[in-house]
Amino acid sequence: MIPVLLAGAGGALGAVLRYLVSGICPVWKDIPTGTLLVNFLGSTILSVITFGTNPLPYFADAGILGGFTTFSTFSYESWKLLERREYNVFGANIMLSLLICGAGVALGKWIVL
């Protein structure tokens with residue numbers, strides 16, 4: 001029961017952090033940069049935790065980072081770009097997300113190792 005409570009508390013904190021970080025990022029050329037930034041930060045931090053020590057796995061991994069990062073919002077925003085027939089922005093959003101979040105994982109591993 002304690003892991004569930006830790007994940008829930010962390011998820012609430014992560015959702016608030018996502019709201020705050022996403023809110024300060026302007027949209028750049030129709031690309032939702034707030035979602036891109038939280039997913040980059042989440043990928044980097046998760047990589048640091050995963051490759052380094054992990055003292056609070058339920059609270060940090062599933063909780064805070066689970067609430068902070070947002071694959072569902074990324075998917076929704078990408079779909080809306082596709083519906084608006086903004087094919088170039090749709091492709092750029094997907095490619096930037098994959099490249100930047102992958103770079104975040106590499107950065108996190110580099111920081112720890």
Side-chain angles (χ1 to χ4, degrees):
M1 189 61 169
I2 289 177
V4 172
L5 294 175
L6 287 172
L13 179 59
V16 170
L17 290 172
R18 181 177 79 195
Y19 175 78
L20 294 174
V21 171
S22 290
I24 62 171
C25 290
V27 173
W28 178 71
K29 295 190 177 191
D30 289 336
I31 293 177
T33 56
T35 303
L36 187 62
L37 179 62
V38 296
N39 286 337
F40 167 73
L41 292 174
S43 298
T44 305
I45 295 167
L46 181 62
S47 180
V48 168
I49 291 171
T50 302
F51 290 113
T53 58
N54 194 357
L56 297 171
Y58 302 111
F59 182 71
D61 294 4
I64 294 174
L65 295 175
F68 184 65
T69 60
T70 174
F71 187 77
S72 59
T73 300
F74 159 72
S75 300
Y76 171 77
E77 290 169 343
S78 297
W79 182 258
K80 294 303 285 182
L81 291 170
L82 195 59
E83 280 187 335
R84 293 193 314 242
R85 299 176 191 253
E86 296 183 47
Y87 301 117
N88 290 340
V89 180
F90 168 78
N93 187 46
I94 288 178
M95 291 305 297
L96 280 173
S97 293
L98 291 175
L99 291 173
I100 288 175
C101 292
V105 171
L107 176 63
K109 185 175 181 179
W110 179 79
I111 289 170
V112 172
L113 300 179

task = Check whether Tyr58 and Val4 end up in the same hydrophobic cluster, where Ile, Leu, Val, Met, Phe, Trp and Tyr are linked by side-chain heavy atoms less than 4.5 Å apart.
result = no
Linking I/L/V/M/F/W/Y whenever their side-chain heavy atoms sit closer than 4.5 Å, directly or via other members, would Leu98 and Leu107 fall into one cluster? yes
Are Tyr19 and Leu41 connected into the same hydrophobic cluster when the rule is that any two of I, L, V, M, F, W, Y join if their side-chain heavy atoms are below 4.5 Å apart? no
Verify the neighbour count for atom CD1 of Ile2: are there more than 12 heavy atoms of other residues, nucleotides or ligands below 6.0 Å?
no
Distance col, row Leu36:CG vs Trp28:CH2, nearest 0.5 angstrom, shows 10.0 Å
Minimal heavy-atom distance between Phe68 and Arg18, with the atoms involved, is O-CD, 2.9 Å
Margin query: Side-chain heavy atoms nearer than 4.5 Å, only ILVMFWY residues, links allowed to pass through others: does that put Val112 and Trp110 together?
Written below: yes
CG of Leu99 to CD1 of Ile94, rounded to nearest 0.5 Å, is 11.5 Å
- Task: May I have the step-by-step check of ring pair (Phe, Tyr, Trp, His ring centres under 6.0 Å) for Phe74 and Phe71, ending in yes or no?
- Result: CA-CA 5 Å; Phe74 159 72; Phe71 187 77; 5.6 Å; yes
Here the gap from Leu17 atom CG to Ser22 atom OG, rounded to the nearest 0.5 Å, amounts to 10.5 Å
key: Side-chain (Asp61) to main-chain (Leu46) donor-acceptor, under 3.5 angstrom   = no
| query | Could you go step by step and tell me if Glu83 and Lys80 meet the salt bridge (Lys or Arg N to Asp or Glu O under 4.0 Å) rule? | reply | CA-CA 5 Å; Glu83 280 187 335; Lys80 294 303 285 182; 3.3 Å; yes
Is there a path of hydrophobic side-chain contacts, each under 4.5 Å between heavy atoms, that joins Leu37 and Leu96? yes
Exercise for review: Go through the steps for Ile49 and Leu65 under the test side chain to side chain contact (heavy atoms under 4.5 Å, CB included), then give the verdict.
Suggested key: CA-CA 10 Å; Ile49 291 171; Leu65 295 175; 4.0 Å; yes
Of all heavy-atom pairs linking Asn39 and Thr70, the shortest is OD1-N, 2.8 Å
So CZ of Arg84 and CG of Leu82: to nearest 0.5 Å the spacing works out to 10.5 Å
Per side chain to side chain contact (heavy atoms under 4.5 Å, CB included), Phe40 is matched among Thr33, Val105, Ile100, Ile45 by Ile100
Distance col, row Ile111:CD1 vs Ser47:OG, nearest 0.5 angstrom, shows 8.0 Å
Interatomic distance, CG@Leu81 vs OH@Tyr76, rounded to 0.5 Å, equals 10.5 Å
